[in-house]
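Notes to accompany the following structure.
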Amino acid sequence: MEAEVDKLELMFQKADSDLDYIQYRLEYEIKTNHPDSAGEKNPVTLLKELSAIKSRYQTLCDHYKRVATEQKEIKTRISTTLNKTMTRIQELQKLTDVELLPPTEEEKTATEQLK
Amino acid sequence: ALKDDVNILHDKARLESQESIGFIKATKESMK
Amino acid sequence: TSELEQLYSHVNEKIGNIKKTLSLRNLGQDPTLKTVLNKIGDEIIIVNELLNKFELEIRYQEQISSSLKELSDLLEEDYKDVEHLN
């Protein structure tokens, strides 16, 4: 049984290297028949550039999603902390009956924006 | 299609950046 | 079976690439298809430039994230001070 498995494994390895060789020969032929010049690129080069662009796009997309999620979390944390702080300050005002100037227009708009 | 996707995401990222800048300003205003 | 499936998709992928390359074999000779090739080449350059801009925007967003983190830390300190006062 083991011999059979080894034999199969060898066959797969041979098939794999044959496929690589065929691919190499095809690309070599296209490159020789259609060398890259200044303005023109051969199909094989373009194909490789296309797949490179796609994987770069995917990498950037994943990176962007990570950064965007992180930002949302921090903003939520900021809003929560700010609200807690304001609530505590209001409690302090009641405790100490400190007369505070009414919030300026700017402060009101800022609070509204945050809400 | 890929070109459009990249454009859409780029515009979205730029909008989010502006929104975050506004958020930072508003928070700093409230902290005063 | 999962190893066999991996092997199967690995070989299939290579066969697919060979088929794709085979179809490109005479592409270079046909003048009409040459213009299509050149157009694809131009589009690739444009998309790469767009990706560069997109990458810059992501870098900018990372800077904003660090500013947000600093702000969050400042607010945490403020909150602790107020708690202390309270």
Side-chain angles (χ1 to χ4, degrees), chain A residues 41 43-93 98-115, chain B:
Chain A
K41 289 184 179 169
V44 172
T45 312
L46 285 177
L47 208 61
K48 285 190 166 124
E49 283 181 4
L50 265 175
S51 66
I53 267 186
K54 281 178 189 167
S55 68
R56 186 181 176 210
Y57 169 73
Q58 199 51 55
T59 312
L60 284 175
C61 270
D62 298 340
H63 191 185
Y64 165 63
K65 278 174 193 153
R66 270 201 318 275
V67 173
T69 316
E70 186 192 16
Q71 261 192 33
K72 267 189 197 110
E73 281 158 14
I74 302 172
K75 281 184 196 174
T76 316
R77 207 184 319 144
I78 285 174
S79 300
T80 318
T81 313
L82 194 60
N83 287 333
K84 279 195 304 186
T85 310
M86 284 184 172
T87 320
R88 273 287 182 265
I89 287 171
Q90 279 152 13
E91 283 164 10
L92 261 174
Q93 280 168 9
V98 169
E99 278 300 319
L100 266 187
L101 294 175
T104 60
E105 276 312 307
E106 271 176 19
E107 280 163 356
K108 275 185 200 157
T109 19
T111 319
E112 278 315 312
Q113 265 180 359
L114 264 177
K115 276 173 187 156
Chain B
L2 187 59
K3 200 164 64 171
D4 301 334
D5 291 347
V6 177
N7 265 323
I8 290 163
L9 271 177
H10 182 235
D11 294 344
K12 190 177 172 214
R14 199 185 301 139
L15 269 175
E16 278 174 7
S17 302
Q18 283 153 12
E19 188 209 301
S20 297
I21 298 287
F23 179 87
I24 290 172
K25 278 182 188 155
T27 308
K28 281 181 177 169
E29 197 55 43
S30 299
M31 286 167 76
K32 284 178 187 163

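Just so we're on the same page: letters track the sequence lines, and every chain starts at 1. When reading the values below, keep in mind they use all heavy atoms of this one structure, side chains included, and skip hydrogens, waters and symmetry mates.
B:E29 pairs by the salt bridge (Lys or Arg N to Asp or Glu O under 4.0 Å) definition with B:K32, not counting sequence neighbours. Contacts of B:I24 classified as side chain to side chain contact (heavy atoms under 4.5 Å, CB included), with partners at least two apart in sequence or in another chain: B:K28, C:I64, C:S67, C:L68, C:L71.
Proximity to chain B among residues 63-76 of chain A is limited to A:Y64, A:A68, A:Q71, A:K75, judged by heavy-atom separations below 4.5 angstrom.
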For a quick test of your reading: what N or O donor-acceptor pairs under 3.5 Å do the side chains of residues 1-13 of chain B make, sequence neighbours left out?
| from | atom 1 | to | atom 2 | distance (Å) |
| --- | --- | --- | --- | --- |
| B:K3 | NZ | C:E43 | OE1 | 3.4 |
| B:K3 | NZ | C:E43 | OE2 | 3.4 |
| B:H10 | ND1 | B:R14 | NH2 | 3.2 |

